[in-house]
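The basis for the numbers below is simple: all heavy atoms, side chains too, and nothing from hydrogens, waters or symmetry mates. Chain letters run A, B, ... following the sequence lines, proteins first and then strands; every chain starts at 1.
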Amino acid sequence: MINFILRRLAIAIPTLLLLIVITFVLMYSAPGGPFTSERPLPPQVLANIEAKYGLNQPLWRQIVTYIWGIVTEFDFGPSFQYKDRTVNDVIAQGFPVTLTYGFLSFIVAVAVGVTLGVVAAIRQNTLIDYLAVGTSIGAQVLPNFVMAPILVLTFTLWLGWLPGGGWEGGKIEYLILPVIALSTSYMASIARITRSSMLEVLNSNFIRTARAKGIPERQIIIGHALKPSLLPVISYLGPTFVAMITGSVVIDVYFSTGGIGQMFVNSALSRDYSVMMGVTILMGGLTITFNLIVDILYAWIDPKIRL
Amino acid sequence: MLLDTHDVKELSANLAEMDEIKGRSLWADARNRFKRNRAAMVSTFILIGIVIFSFVGPYLAAWSNEEIDWSVLGKVKELGAPSWSNGHYFGTDDLGRDLFARVVQGTQISLMVGVVGALIAVLVGTTYGAVAGYFGGRIDSVMMRIVDILIAMPFMFVLILLLVVFGRSVFMLFVGVGLISWLDMSRIVRGQTLTIKNKEFVEAAQAMGVSHFKIIFRHIIPNLLGVVAVFATQLVPLMILTESFISFLGLGVQEPATSWGALINEGAATMQYGTLWQLLFPLAFFIVSLFCFFFIGDGLRDALDPKDR
């Protein structure tokens, strides 16, 4: 087990380092420096400022300093556009928002998706099954950036039940639409995966044995069939999490939640490279860590996997 | 005469008929199964229709995609609605530009991004995966570790970074989409290559001294084409989704060029003014096309799955 974790770490750490190097080199090669403005500064002043921020050093030195700052102090450096705040400030402001509804969406997607899948499998070829399968096909072509406008159109413009944007400290009515928009398509995928693996498990020998022994159906499904049929779902959790992180960018922008995605797009539009870098690396780190956890979880649950 | 000419003729006719009974190849079987899949067939026809629409559309449009209809500007809600009489079949957008022409152009760009992404995946991913799987050993593990590392990147963020740094253009979109699309393909192809490379026909080729290069391209890859084709058709909608996602954020193609994502974004931004057609037309094209791609992908997978014979 420890060997396995070490081997996964041996991939995770270079990945993160490579990500930092790629983003840094991209930013470095971008035309125009952070102090290029419409009125050019005198060369001496520019040189002094660049020396102050360490921009006159060779590229590799800058990268090492940057990585060192992140590792030791979790410091992503100053923002290029706003003199009075650092990338850390931006992250601290936007990240809790994204985390709140992202986490909620994740729970909703998994809980509802698994329930729907199990019910569809038990009641195979009934109306509920067809409904579940139908919605999961439909939800595939309704990604979050299509869901969001449709939801706002229905619940804000036509019915007037819910606000179409804003955050207000995470009040429940501001949370509902973002969570639905973000979770729907993953919920559908999870439901489909659960259904097919549940069907497979329900047709296997040990379930037949359990039935022959006269164990009540409810106990068979919860006690015997559920755990093995959730294995493919667990391996799907990694991609789901990643997709939700990227999807949250759309939700942030469309619902103006003030989350980290909105900061990312704003910094992209105003070419605030350091904020973009910080957010990219943070999201990359999160993604890699989460995939690591899922891998370990999977190895721990599935006795058949070879470590 | 030993033989009656009549008999000979009959025999030759019979023989000719016997020629008609051919062995069923894998592809012929697959084609038949695909034809029996009604959803996939209907999707194919609809998709062909959409492709034709995107090519013929510019000749049908009464307006170009950049032209501003000044008579509509400022009164888009009243005068910009879809109508036959003023030539705006799909209405106009908020700036008075003809939505029909813009949808046609958006369709072209979105489909192009999808196809180019899938094409890069087929070319690069297949070669990469086949080489890694065929040589095996250390080459394989190094090549696949590289893929592992790249696949773990938050590619959407890196892609946006790429677009911001090097400027937003259709070409950069192709590059970015191409960078990510081949990764999964190379994994799938490698797995298939591992099962094929120990088969007798590869061994025979090796024994006869055929070069590695030729074995990979003449003997291994042709046997993978089924898997590659299935995965490629499933990649096209994913690439379209990726591009639409970025364009929806306003970071994709630059005006006046447009794509489905950008059009949906514009429509969504203006829907509270009551100009719903700006959202519904691009949305309809987007959803219908994606549906078609998914059904075709499913149909192809069922058709080419050897387990189903």
Side-chain angles (χ1 to χ4, degrees), chain A residues 10-12 14-19 22-23 25-31 137-138 140-146 148-150 152-153 156-157 164 238 242-243 245-247 249-250 252-254 261 264-265 267-273 276-277 279-288 291-292, chain B residues 39 144-168 237-238 240-242 244-251 260-261 264-274 276 278-280 282-283 286-295 297-298:
Chain A
I11 294 179
T15 310
L16 202 54
L17 285 179
L18 186 71
L19 177 65
I22 287 179
T23 47
V25 171
L26 269 179
M27 187 188 81
Y28 188 82
S29 58
I137 293 175
Q140 256 185 339
V141 298
L142 293 175
N144 42 38
F145 62 87
V146 174
I150 292 177
V152 170
L153 189 65
T156 309
L157 288 184
V242 176
I245 279 191
T246 25
V249 177
V250 160
D252 276 339
V253 172
Y254 194 76
F264 182 75
V265 172
S267 63
L269 290 172
S270 65
R271 294 175 166 264
D272 194 345
Y273 296 125
M276 287 184 79
M277 265 175 81
V279 175
T280 305
I281 292 165
L282 182 77
M283 294 306 195
L286 263 182
T287 308
I288 292 163
N291 276 330
L292 194 69
Chain B
M144 291 332 277
R145 276 311 83 74
I146 293 174
V147 170
D148 283 346
I149 288 177
L150 288 179
I151 237 168
M153 298 268 167
F155 71 84
M156 197 67 85
F157 292 91
V158 177
L159 188 50
I160 291 174
L161 207 62
L162 212 65
L163 283 167
V164 170
V165 169
F166 293 113
R168 289 151 46 193
L238 288 183
I240 292 178
L241 275 172
T242 307
S244 302
F245 183 94
I246 293 170
S247 290
F248 182 84
L249 296 174
L251 299 168
W260 284 335
I264 292 173
N265 179 24
E266 281 171 33
T270 57
M271 66 186 178
Q272 69 260 37
Y273 308 130
L276 266 186
Q278 293 177 6
L279 176 64
L280 294 182
L283 201 59
F286 177 83
I287 291 180
V288 168
S289 309
L290 282 197
F291 250 125
C292 292
F293 274 117
F294 280 121
F295 278 130
D298 272 4

| message | As a quick check of understanding, evaluate side chain to side chain contact (heavy atoms under 4.5 Å, CB included) for B:F245 and A:F145, giving each step before the final call. | response | CA-CA 7 Å; B:F245 183 94; A:F145 62 87; 4.0 Å; yes
Counting only non-hydrogen atoms closer than 4.5 Å, does [X] touch chain B with its backbone (N, CA, C, O), its side chain (CB onward), both, or neither?
X: A:V249; result: both
X: A:V253; result: side chain
X: A:I150; result: side chain

Part of [X] lying under 4.5 Å from any heavy atom of chain A:
X: B:L249; answer: both
X: B:L241; answer: both
X: B:S244; answer: both
X: B:F293; answer: neither
X: B:F294; answer: side chain
X: B:F291; answer: both

To the nearest 0.5 Å, what is the distance between [atom1] ([X]) and [atom2] ([Y])?
X: A:T15; Y: A:N291; atom1: OG1; atom2: CG; answer: 10.0 Å
X: A:L282; Y: A:F264; atom1: CG; atom2: CZ; answer: 11.5 Å
X: A:I281; Y: A:M283; atom1: CD1; atom2: CE; answer: 12.5 Å

| A:L18, A:T287, A:N144, A:V279: which one forms the most heavy-atom pairs within less than 4.5 Å of chain B? |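 Between A:L18, A:T287, A:N144, A:V279, the count favours A:L18.
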| Residue, of B:L283, B:N265, B:L150, that accumulates the most heavy atom pairs under 4.5 Å with chain A |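 Most pairs with chain A among the choices: B:L283.
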| query | Looking at A:L26, A:I22, A:T23, which hits side-chain contact (heavy atoms from CB on, under 4.5 Å) with A:M277? | reply |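 Result for side-chain contact (heavy atoms from CB on, under 4.5 Å) with A:M277: A:T23.
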| message | Is the distance between the ring centroids of B:F248 and B:F286 under 6.0 Å? | response |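 Aromatic pair excluded; centres sit 6.0 Å or further apart.
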| Min side-chain heavy-atom separation B:W260-B:I287 under 4.5 Å |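 B:W260 does not reach B:I287 side chain to side chain.
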Side-chain polar contacts of residues 151-163 of chain B - donor-acceptor pairs under 3.5 angstrom, sequence neighbours left out - could you list them?
none

